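For reference, the structure is listed below as structure tokens.
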Amino acid sequence: MQTTDYMNILILGSGGREHTFAWKIAQSPLCDSLYVAPGNSGTTEIAQNIDIKVTDFEAIKTVVLANKINMVVVGPEDPLVEGIHDFFLNDTLLKHVSVIGPQKAAAELEGSKEFAKEFLYRHNIPTAAYQSFNASNVEEGYTFLETLKPPYVLKADGLAAGKGVLILNDLNEAKAELKSMLVDAKFGMASAKVVIEEFLDGIELSCFVLTDGKHYKILPTAKDYKRIGEGDTGLNTGGMGAVSPVPFATESFLDKIEERVVKPTIEGLQKDNLPYKGFVFIGLIKVGDDPKVIEYNVRMGDPETEVVLPRLKTDLVEIFKAISEERLDEINLELDERAATTVMLVSGGYPEAYEKGKEISGLENISDSLVFHAGATIKNEKVVTSGGRVMAITSFGNTYEEAIKKSYQNINKLHFDKMYYRQDIGFDL
Ligand code: AMP
Ligand code: GLY
């Protein structure tokens with residue numbers, strides 16, 4: 001446990017989420033030196049980037065020891081599912097370092113859809129009915145599909161970079177896809193097991209919870225826009241924009257989420273001995289007036305972080321310290337009551353093939369919005385694109401409409417070759 005007040009902090013990841021973490025942590029008087037691995041063009045302005053992979057635990061160890069890091073904040077799921085927190089706890093030189101993110105056993109909530117469904121059922125948390133199948137019982141999978149009404153929801157059990165969920169209208173197509181996942185390894189080992197789920201009809205939102213394993217605090221809700229095309233059409237992406245708070249999440253609906261979902265989730269972690277110090281991202285769907293859980297993620301969302309953290313007034317490092325010392329109950333979360341929205345600028349062609357290395361111009365003209373870099377890097381002293389999702393433009397407003405207008409006004413000042421963004425973020429609210 002940390003006794004010093006000032007901390008050297010390492011953030012793992014390279015997206016808009018991690019730039020937002022860096023932006024927030026850099027404001028803390030408790031933060032001494034800040035590092036991001038591998039980081040991007042945004043984080044390099046406020047922290048020191050270190051070019052190592054988030055799953056290279058030995059390289060991370062070297063960096064932590066060389067820079068006297070006291071706290072590691074894990075952005076993406078892969079290192080968590082691969083057990084980075086356990087790696088630190090099991091190493092005598094690292095075990096004093098606080099890691100924000102659950103241990104491997106708990107990270108299975110995101111690492112395995114079947115594990116998550118069993119957890120939800122065991123703790124009576126509302127979710128879609130399901131059964132899971134593997135290559136040895138494909139035929140039973142077909143029979144189960146025949147008992148369901150379309151659309152059919154098929155989920156690869158393991159991590160599949162956000163692509164492992166298929167929603168199909170036709171029974172024969174669903175059977176063919178089930179076979180392709182189980183027998184032909186459509187998603188590699190990730191689809192060695194498949195969860196088939198009842199389709200839930202409703203509007204989605206996400207709830208973010210901080211926990212030290214014993215206590216919890218609920219962060220603002222957010223809604224993201226996953227499809228590439230306007231009107232929620234076309235291919236799934238990592239997320240094209242987000243809004244917080246979610247206007248349809250009324251106080252009584254939020255109470256239901258807390259009572260029926262958040263409390264039994266945190267109690268379930270304790271009952272099942274799943275060690276958890278970090279963010280729980282609960283994907284929900286509002287069916288009628290009731291929340292049902294679609295998925296757990298064991299990290300923050302991206303681009304949800306870009307609207308949730310800017311609304312948090314409390315010092316994030318103070319919160320993280322309280323989490324690692326299991327005294328989260330002592331923290332009082334202070335929130336900005338205004339709405340925040342973000343719009344993601346992406347490379348033309350994304351989420352399929354796209355070009356990189358395009359110079360981004362106009363950044364100096366942005367006023368009254370926050371710019372969080374994602375797939376962007378510095379080359380010859382210029383900011384250029386290096387990924388599909390390039391940057392997120394976040395704004396505040398008294399209403400989400402006012403906030404979104406500001407984001408779009410600022411986006412008009414930005415340019416890169418084949419820049420694309422959705423012009424309808426918030427259209428369904
Ligand atoms: P997941 O990776 O589990 O979040 O699923 C990806 C997306 O598929 C979700 O964001 C939902 O839009 C959709 N989805 C997943 N499960 C269901 C379900 N049971 N009913 C309806 N839509 C679903
Ligand atoms: N925006 C969805 C996610 O981070 O999983």
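Counting starts at 1 for both ligands and their atoms, following the listed order. This structure is a prediction, so every number in the text was calculated from the model and none was measured.
- Leu145 and Tyr152 make their closest contact through O-CE2, 3.4 Å (heavy atoms, listed as atom of the first residue, atom of the second, distance).
- Note that CD of Glu259 is 12.0 Å distant from NZ of Lys256, once rounded to the nearest 0.5 Å.
- Residue-level proximity to ligand 1 for Glu198 is carried by the backbone, the only part with a heavy atom below 4.0 angstrom.
- For atom 19 (N) of ligand 1, the closest non-hydrogen atom on the protein side is Glu197 OE1, 2.6 Å.
- In this structure, the side chains of Arg299 and Arg17 come closer than 4.5 Å at one or more pairs of heavy atoms.
- Against a heavy-atom cut-off of under 4.0 Å, Glu204 is close to the following atoms of ligand 1: 9 (C), 10 (O), 11 (C), 12 (O).
- Smallest separation of non-hydrogen atoms from Met300 and Phe208: SD-CD2, 3.5 Å.
- One N or O on the side chain of Ser191 and one on the backbone of Phe187 form a donor-acceptor pair closer than 3.5 Å.
- Taking the six-membered ring for Trp and the full ring otherwise, Phe88 and Phe57 have centroids separated by 6.0 Å or more.
- Under a 4.0 Å heavy-atom criterion, Asp201 is not in contact with ligand 1.
- Annotation for ligand 1: atoms under 4.0 Å from non-hydrogen atoms of Ile167 are 8 (O), 13 (C), 14 (N), 22 (N), 23 (C).
- Considering only non-hydrogen protein atoms, atom 5 (O) of ligand 1 sits nearest to Val165 CG2, 3.4 Å.
- Listed by number with element, the atoms of ligand 1 under 4.0 Å from a non-hydrogen atom of Lys155 are 3 (O), 15 (C), 16 (N).
- The ligand atoms of ligand 1 that sit less than 4.0 angstrom from a heavy atom of Phe199 are 20 (N), 21 (C), 22 (N).
- Listed as neighbours of ligand 2 are Asp224, Gly238, Phe281, Arg299, Gly301, Asp302, Pro303, Glu304, each bearing a heavy atom under 4.0 Å from the ligand.
- Closest approach of Lys223 and Glu204 over heavy atoms only: CE-O, 3.3 Å.
- Taking only nitrogen or oxygen atoms, main chain and side chain alike, Leu200 reaches within less than 3.5 Å of ligand 1.
- Classification of the Phe320-Phe21 ring pair by plane angle, with boundaries at 30° and 60°, yields tilted.
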TODO: Verify side chain to side chain donor-acceptor pair (under 3.5 Å) between Tyr225 and Asp428, making sure each step is shown before the conclusion.
DONE: CA-CA 10 Å; Tyr225 291 81; Asp428 55 343; 2.6 Å; yes
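- For atom 1 (P) of ligand 1, the closest heavy atom belonging to the protein is Glu295 OE1, 3.5 Å.
- Note: Trp23 and Phe372 have perpendicular aromatic rings, judged against thresholds of 30 and 60 degrees for the angle between ring planes.
- For Lys104, the salt bridge (Lys or Arg N to Asp or Glu O under 4.0 Å) criterion is met by no residue, not counting sequence neighbours.
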